[in-house]
There are 2 protein chains.
Amino acid sequence: MDSIDLRLIDLLRENARSSYAELARKVGLSAPAVHERVGKLEAAGTIRGYRADVDHEALGLGVTALIGIIEDSGADTDDVLAAVRAMPEVESCYFMAGVESYQLIVRVGTIAELEQLIVRINRTPGVASTRTAIALSTKWENRPQPGLG
Amino acid sequence: MDSIDLRLIDLLRENARSSYAELARKVGLSAPAVHERVGKLEAAGTIRGYRADVDHEALGLGVTALIGIIEDSGADTDDVLAAVRAMPEVESCYFMAGVESYQLIVRVGTIAELEQLIVRINRTPGVASTRTAIALSTKWENRPQPGLG
DNA sequence: CTGACTCATGGACTCCATCGACCTCCGGCT
DNA sequence: AGCCGGAGGTCGATGGAGTCCATGAGTCAG
């Protein structure tokens with residue numbers, strides 16, 4: 001993991017569809033060398049995958065919200081987690097320090113759907129209560145933090 | 001925007017480095033047809049870009065936290081936003097309904113760095129106070145929600 | 001029926017991905 | 001010192017992919 005690897009990671013976070021040839025030109029190596037380095041980064045799990053970044057509004061998922069979950073005192077955390085995992089609207093899920101065990105980032109089409117989702121979460125066994133905050137607008141998301149390569 | 005477009009988007013959210021030929025096989029079109037469709041989705045802004053999904057821990061950014069910002073009553077929201085935008089640690093930024101005007105997702109290497117970041121945010125003009133919650137673990141992040149294509 | 005439009009196909013040409021062969025540097029061993 | 005072996009690079013070849021373009025099928029309005 002040297003500075004060339006870091007630059008490759010930065011370049012792929014900027015544009016994951018760059019060709020190996022293009023990456024090679026930018027870092028000053030040959031295409032096969034870049035190919036091998038990227039392959040090793042993938043194998044090591046440093047690069048987990050490549051995702052298209054979409055406009056959720058255009059896909060009918062214009063409502064973003066943060067939902068904090070407070071569990072019952074005797075709740076089985078894994079059961080709550082599994083229930084939440086089964087809900088496709090939950091885009092991200094963090095296990096938190098603090099009263100709210102989980103923090104979810106959810107994406108739905110309408111406020112009505114958000115309401116239904118909240119009801120469903122509140123109904124799942126182990127969940128004592130939830131706290132929801134709605135995002136009025138997304139200033140930016142998943143902005144890559146440049147490495148020092 | 002038909003069901004084939006939705007499937008292409010799903011496929012690219014799964015693996016943004018799929019070749020056009022592979023996408024073509026999966027959706028049952030020719031490669032040039034897929035090329036044109038994807039190009040149109042990009043031009044329309046439905047696909048905003050392609051990002052490598054990295055293991056932040058491996059890059060020395062193992063600490064994730066959510067920070068809510070409460071603004072001064074007379075604060076200029078744009079100034080606060082610009083100040084936050086200039087901090088590379090802030091990966092995502094949402095403008096929220098509720099007392100906390102902004103919700104940030106930040107990524108740093110150590111708790112000490114998080115402390116410094118919080119201090120810096122609290123010092124910026126227009127910020128009255130902040131509330132920070134630390135993620136102990138990330139269950140999942142940016143999970144693509146499948147379209148109905 | 002006809003013309004215009006949309007959208008997919010197939011061919012052609014260029015460029016890329018990827019494999020194998022070889023080269024170079026470096027650390028450890030005889 | 002000289003040799004060996006591995007890591008990691010370049011180069012060249014080739015099969016396949018990307019992409020441009022001309023063409024053809026299907027659809028709707030007039």
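Naming: A, B, ... by sequence-line order, numbering from 1 per chain.
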To the nearest Å, how far apart are [X] [atom1] and [N] [atom2]?
X        : N       : atom1 : atom2 : answer
Glu36(B) : dT19(D) : CD    : P     : 13 Å
Leu29(A) : dC23(C) : CG    : P     : 20 Å
Leu8(B)  : dA8(C)  : CG    : C1'   : 14 Å
Glu22(B) : dG18(D) : CD    : P     : 9 Å
Arg17(A) : dC15(C) : CZ    : P     : 19 Å
Arg37(B) : dT9(C)  : CZ    : P     : 9 Å

side-chain contact (heavy atoms from CB on, under 4.5 Å) partners for Ala31(A), two or more places apart:
Ala24(A)
Gln116(A): partners by side-chain contact (heavy atoms from CB on, under 4.5 Å), with sequence neighbours left out:
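Scan of Gln116(A) (side-chain contact (heavy atoms from CB on, under 4.5 Å), adjacent residues dropped) gives none.
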Distance alone, cut at 3.5 Å: any donor-acceptor contact between the side chains of Glu141(A) and Ser92(B)?
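Side chains of Glu141(A) and Ser92(B): no pair found under 3.5 Å.
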Would you kindly say whether Thr46(B) and Asp55(A) are connected by a side-chain donor-acceptor distance under 3.5 Å?
no
By nearest-nucleotide position on DNA chain D, the 5'-leaning member of Tyr20(B) and Ser30(A) is Ser30(A)
Select base, sugar-phosphate, or nothing to describe what Ser19(B) touches, counting heavy atoms under 4.0 Å on all strands.
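Answer is sugar-phosphate: Ser19(B) comes under 4.0 Å of backbone atoms only.
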Closest to side chain of Ala33(A), choosing from dT10(D), dA17(D), dG11(C)
dT10(D)
Of the options dG18(D), dG12(D), dA8(C), whose atoms approach the side-chain atoms of Ala21(B) most closely?
dG18(D)
Phosphate contact (dA7(D) OP1 or OP2) by Lys40(A) side-chain N/O below 4.0 Å
no
Compare side-chain N and O positions of His35(B) against OP1 and OP2 of dG18(D) and report whether any pair is under 4.0 Å apart.
no
